[in-house]
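All remarks here apply to the structure that follows.
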Amino acid sequence: MSAYVDPTPAQFAAFKALERGHPIEMLNLVRFKAEASYPEGHPLANAGLSGAEAYKNYGAESGPIFAGLGGKIVWRGGFETTLIGPADEAWDAVFVARYPDAHAFLAMVTNPDYQKAVVHRQAAVATSRLIRTKPGDSGATFG
């Protein structure tokens with residue numbers, strides 16, 4: 001499986017090109033590294049943290065920024081199995097984060113304190129998927 005931790009410039013440009021004035025929900029699928037890999041010189045570089053522990057550090061530092069911009073986790077679940085899709089895509093964290101609009105998401109990722117916190121995510125994550133969606137009606141049926 002390829003490692004996907006940060007967006008490419010093209011992916012980020014595509015995100016920014018979409019309409020920004022409505023709520024967005026971000027589907028997060030995250031697989032942790034067995035051992036976190038902080039950059040050399042970081043205070044936690046040799047702490048022996050697991051990826052899950054480093055991700056908790058990311059949540060602790062980025063959470064107040066996320067909440068301060070009106071973000072909230074609207075769904076979280078525990079991965080069990082893939083019924084349709086690549087068998088090697090197993091996830092340690094699966095959740096949906098809601099933002100009031102794309103402006104809030106962009107304000108978060110450009111916040112200097114968030115940018116300091118993201119080092120924990122980068123140290124923690126082996127691979128991930130971050131999928132932007134526009135909320136719709138739940139409905140009673142498929143389609």
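As the structure is a computational prediction, the values presented were derived from the model and not from experiment.
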If hydrophobic clusters are built by linking Ile, Leu, Val, Met, Phe, Trp and Tyr wherever their side-chain heavy atoms come under 4.5 Å apart, do [X] and [Y] end up in the same one?
{"X": "V96", "Y": "L130", "value": "no"}
{"X": "V119", "Y": "Y114", "value": "no"}
{"X": "V74", "Y": "F79", "value": "yes"}
{"X": "V118", "Y": "Y4", "value": "no"}

**OP:** Anything under 30° is parallel, anything over 60° is perpendicular, the rest tilted; go ahead and classify Y58 against Y55.
**Re:**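 Answer is tilted, since the angle falls between 30° and 60°.
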**OP:** Classify the ring geometry between Y99 and F105 as parallel (under 30°), tilted (30 to 60°) or perpendicular (over 60°).
**Re:**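 Ring orientation, 0 to 90° scale: perpendicular.
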To the nearest 0.5 Å, how far apart are [atom1] in [X] and [atom2] in [Y]?
{"X": "N28", "Y": "F95", "atom1": "CG", "atom2": "CZ", "result": "3.5 Å"}
{"X": "E53", "Y": "H120", "atom1": "CD", "atom2": "NE2", "result": "12.5 Å"}
{"X": "I131", "Y": "L29", "atom1": "CD1", "atom2": "CG", "result": "5.5 Å"}
{"X": "L44", "Y": "Y38", "atom1": "CG", "atom2": "OH", "result": "5.0 Å"}
{"X": "L27", "Y": "T133", "atom1": "CG", "atom2": "OG1", "result": "7.5 Å"}
{"X": "N46", "Y": "E40", "atom1": "CG", "atom2": "CD", "result": "6.0 Å"}

Would you confirm whether [X], through its side chain, and [Y], through its main-chain N or O, come within 3.5 Å as a donor-acceptor pair?
{"X": "R132", "Y": "E25", "value": "no"}
{"X": "D101", "Y": "H103", "value": "yes"}
{"X": "Q115", "Y": "V109", "value": "yes"}
{"X": "D92", "Y": "F32", "value": "yes"}
{"X": "T127", "Y": "R31", "value": "no"}
{"X": "T82", "Y": "G85", "value": "no"}

Subject >> Verdict with reasoning, V125 to K33, per side-chain contact (heavy atoms from CB on, under 4.5 Å) >> reply: CA-CA 6 Å; V125 173; K33 296 173 184 172; 5.8 Å; no
Original post:
Are E89 and R129 ion-paired here, with the side-chain N under 4.0 Å from a carboxylate O?
Top reply: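 Salt bridge flag = yes for R129 with E89.
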Subject >> Heavy-atom check, side chain of F12 versus side chain of D6, under 4.5 Å >> reply: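 Of all side-chain heavy-atom pairs linking D6 with F12, none is under 4.5 Å.
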For [X] and [Y], work out which heavy atoms get closest and say how close.
{"X": "G59", "Y": "P64", "value": "O-CD, 4.4 Å"}
{"X": "A126", "Y": "A3", "value": "O-CB, 3.3 Å"}
{"X": "P100", "Y": "L69", "value": "CG-O, 3.2 Å"}
{"X": "D113", "Y": "N111", "value": "N-OD1, 2.6 Å"}
{"X": "M26", "Y": "F15", "value": "CE-CE1, 4.0 Å"}
{"X": "P39", "Y": "A45", "value": "O-CB, 3.5 Å"}

Subject >> S62 and R121: CA distance, side-chain angles, deciding distance, side chain to side chain donor-acceptor pair (under 3.5 Å) verdict >> reply: CA-CA 10 Å; S62 67; R121 185 183 189 286; over 6 Å; no
Original post:
Is E19 atom CD crowded by more than 12 heavy atoms from other residues, nucleotides or ligands, each under 6.0 Å away?
Top reply: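 Count over threshold, so yes.
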Original post:
Please walk me through it: do Q11 and T8 pass side-chain contact (heavy atoms from CB on, under 4.5 Å)?
Top reply: CA-CA 5 Å; Q11 289 170 321; T8 65; 3.2 Å; yes
Subject >> V94 vs W75, side-chain contact (heavy atoms from CB on, under 4.5 Å): CA-CA, chis, key distance, verdict >> reply: CA-CA 8 Å; V94 180; W75 179 88; 3.4 Å; yes
